[in-house]
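See structure below.
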Amino acid sequence: MELFKALNMNSLELNNRVVLAPMTRSRTQQPGDVPTELNATYYAQRATAGLQITEATQISEQGKGYALTPGIHSADQIKGWQKVTKAVHQHEGKIFLQLWHVGRVSHPSLQQDNQQPVAPSAIKPSGTQVYIIDQFGKPEFIDCETPRALETDEIDGVIQDFVRAAENAISAGFDGVEIHGANGYLIDQFLRTNSNIRTDQYGGSIENRVRFLTEVSTAVANKIGPHRVGVRLSPYVTFKDMACPEIIPTILLAAKQLNALDIAYLHLSEADWDDAPTIPDSFRKQFREAFSGAIIVAGRYDRERAENILKQGYADLVAFGRPFVANPDLPNRLKHQLPLADFNPETLFGGGKEGYTDYLPMNHE
Ligand SMILES: Cc1cc2nc3c(=O)[nH]c(=O)nc-3n(C[C@H](O)[C@H](O)[C@H](O)COP(=O)(O)O)c2cc1C
């Protein structure tokens with residue numbers, strides 16, 4: 001099977017092509033958004049994936065948009081992540097940290113001193129909510145508010161936050177980082193005409209809207225090495241008020257510019273939950289032509305679809321999200337066509353080990 005062939009991804013040796021997709025699970029130690037031994041157990045259980053990508057991890061206080069998600073900007077968070085990388089490496093896994101700035105998908109109650117969240121432009125994402133813990137300690141979903149547009153001279157500071165976070169990830173023992181350019185968060189907000197109406201060099205033309213992504217990726221690659229950098233993009237996902245008529249040429253230009261940096265991979269996020277439009281082959285061909293590194297695809301794949309896309313040559317690796325929740329040994333189950341367990345949707349976010357580390361592998365052989 002194609003899924004079980006090893007891959008040398010820009011000098012990183014991967015045992016197979018099954019990737020753990022990044023999944024927020026909201027189980028950090030509070031206060032401080034610090035990863036714990038419980039998180040280490042969760043990732044160690046999934047270390048038979050050829051590559052794991054962690055849950056989205058905020059690069060700064062400003063980059064936070066949901067309660068209980070981890071950060072990578074404090075000394076305690078770095079120490080917490082060291083437990084995770086150590087456990088994964090003991091099981092011979094490979095793991096990248098997903099670097100996240102949410103931009104406008106946040107709320108003042110999650111920001112330092114109740115400040116407004118920042119974004120390319122002061123446009124509120126309609127119909128978009130974030131998860132907070134209210135003053136009585138109860139979890140609650142709450143509408144995003146209108147963000148503040150970043151001043152041009154603030155943008156380099158945000159890029160430097162990405163660079164510091166990437167350096168922190170390497171000190172925490174990660175094999176690399178994935179820059180989250182997908183699913184309606186800050187970088188994606190810069191890419192799209194409906195969330196970016198700037199009139200400076202970061203808005204207007206396609207070239208200008210790609211600039212923030214390329215500058216972040218260049219600065220991170222220069223600091224930690226391009227072979228340790230991947231980028232996630234979601235051209236067909238419109239969830240979080242992200243429908244942009246120019247997104248396809250914008251993403252193709254981004255892929256060309258990222259190709260010039262020689263980064264390890266591009267990761268196509270094809271579905272945010274059930275927002276999963278069919279991706280035309282014409283786009284897949286153009287994307288492949290634009291980028292010569294590895295391509296990861298994610299979004300409602302099963303064994304058969306995964307094999308097909310690898311055989312067609314449109315992808316080198318396939319990431320699985322929801323199937324990994326209740327099947328920590330997913331590669332083995334796919335390989336031997338074992339039945340897949342269903343997850344409990346009530347325990348996806350928040351809580352302890354229940355619905356997190358208590359899904360067990362299936363005995364086989
Ligand atoms: C519980 C959950 C949390 C998620 N969190 C993230 C995240 O932190 N970062 C990200 O890029 N995508 C996130 N996603 C999207 C997944 O990475 C993936 O693209 C999506 O689940 C589709 O793949 P699947 O059909 O195999 O689940 C999340 C999905 C789920 C189900």
Side-chain angles (χ1 to χ4, degrees), residues 3 17-28 33 35 39 42-43 46 49 51-59 63-72 95-103 105-106 129-131 139 141 177-189 230-240 242 265-279 295-306 309 315 317-328 330-331 333-334 340-351 355-356 359:
L3 266 177
R17 287 141 191 268
V18 178
V19 176
L20 170 70
M23 276 189 294
T24 293
R25 302 300 308 276
S26 314
R27 282 166 165 88
T28 53
D33 302 333
N39 306 135
Y42 169 81
Y43 285 106
R46 287 155 184 78
L51 176 67
Q52 298 187 73
I53 302 159
T54 69
E55 61 212 269
T57 299
Q58 54 261 8
I59 58 165
K64 177 174 173 175
Y66 300 80
L68 308 177
T69 54
I72 186 70
I95 185 163
F96 274 39
L97 178 83
Q98 191 181 49
L99 297 180
W100 194 28
H101 190 307
V102 296
V105 184
S106 185
Q129 294 198 314
V130 291
Y131 176 79
F141 279 95
V177 299
E178 175 173 287
I179 295 169
H180 197 345
N183 299 354
Y185 297 112
L186 183 67
I187 292 176
D188 204 14
Q189 290 157 29
V231 171
R232 193 170 215 217
L233 299 166
S234 56
Y236 287 89
V237 172
T238 56
F239 192 61
K240 299 197 191 79
M242 295 304 283
Y265 70 81
L266 287 185
H267 184 174
L268 269 186
S269 165
E270 300 179 6
D272 194 354
W273 297 81
D274 294 321
D275 177 9
T278 305
I279 299 202
I295 292 179
I296 308 179
V297 290
R300 300 179 124 189
Y301 281 88
D302 56 17
R303 186 179 195 265
E304 195 187 334
R305 282 191 67 217
I309 194 133
L317 298 128
V318 180
F320 296 83
R322 285 163 290 186
F324 250 120
V325 171
N327 300 283
L330 184 68
R333 295 201 198 197
L334 293 175
L340 296 187
D342 292 327
F343 64 88
N344 175 2
E346 304 295 317
T347 48
L348 277 180
F349 302 110
Y356 188 55
Y359 296 114

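In listed order, ligands and their atoms are each counted from 1. Just so it is clear, the model here is predicted, and its values are computed rather than measured. In what follows, residues are counted from 1 in the order of the sequence shown.
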Notebook entry, point to check: Are Arg305 and Tyr301 in a cation-pi setup, meaning NZ or CZ lies under 6.0 angstrom from the ring centre and within 45 degrees of the ring axis?
Noted result: yes
Taken in chain and number order and not counting sequence neighbours, the residues that satisfy salt bridge (Lys or Arg N to Asp or Glu O under 4.0 Å) with Arg322 are Asp274
Which of His101, His180, Lys240 passes side-chain hydrogen bond (donor to acceptor under 3.5 Å, both in side chains) with Tyr185? It is Lys240
Practice task
Determine, using ring centers only, whether Phe343 and Phe324 are less than 6.0 Å apart.
Solution key: no
Sub-3.5 Å pairs, protein N or O with ligand 1 N or O:
residue, atom, partner, partner atom, Å
ligand 1, 5 (N), Thr24, N, 2.9
ligand 1, 8 (O), Thr24, N, 3.4
ligand 1, 8 (O), Thr24, OG1, 2.7
ligand 1, 8 (O), Ala56, N, 3.1
ligand 1, 9 (N), Gln98, OE1, 2.9
ligand 1, 11 (O), Gln98, NE2, 3.0
ligand 1, 11 (O), His180, NE2, 3.1
ligand 1, 11 (O), Arg232, NH1, 2.6
ligand 1, 12 (N), Pro22, O, 3.4
ligand 1, 12 (N), Arg232, NH1, 2.9
ligand 1, 14 (N), Pro22, O, 3.3
ligand 1, 17 (O), Pro22, O, 2.7
ligand 1, 17 (O), Arg232, NH1, 3.1
ligand 1, 17 (O), Arg232, NH2, 3.3
ligand 1, 19 (O), Arg232, NH2, 2.9
ligand 1, 19 (O), Ala271, O, 3.4
ligand 1, 25 (O), Arg300, N, 2.7
ligand 1, 25 (O), Arg322, NH2, 2.8
ligand 1, 26 (O), Gly321, N, 2.8
ligand 1, 27 (O), Arg322, N, 2.8
ligand 1, 27 (O), Arg322, NE, 2.8

*asked:* Distance alone, cut at 3.5 Å: any donor-acceptor contact between the side chains of Tyr66 and Gln129?
replied: no
- Taking atom types as modelled and ignoring hydrogens, do the side chains of Gln58 and Thr69 form a donor-acceptor contact shorter than 3.5 angstrom? yes
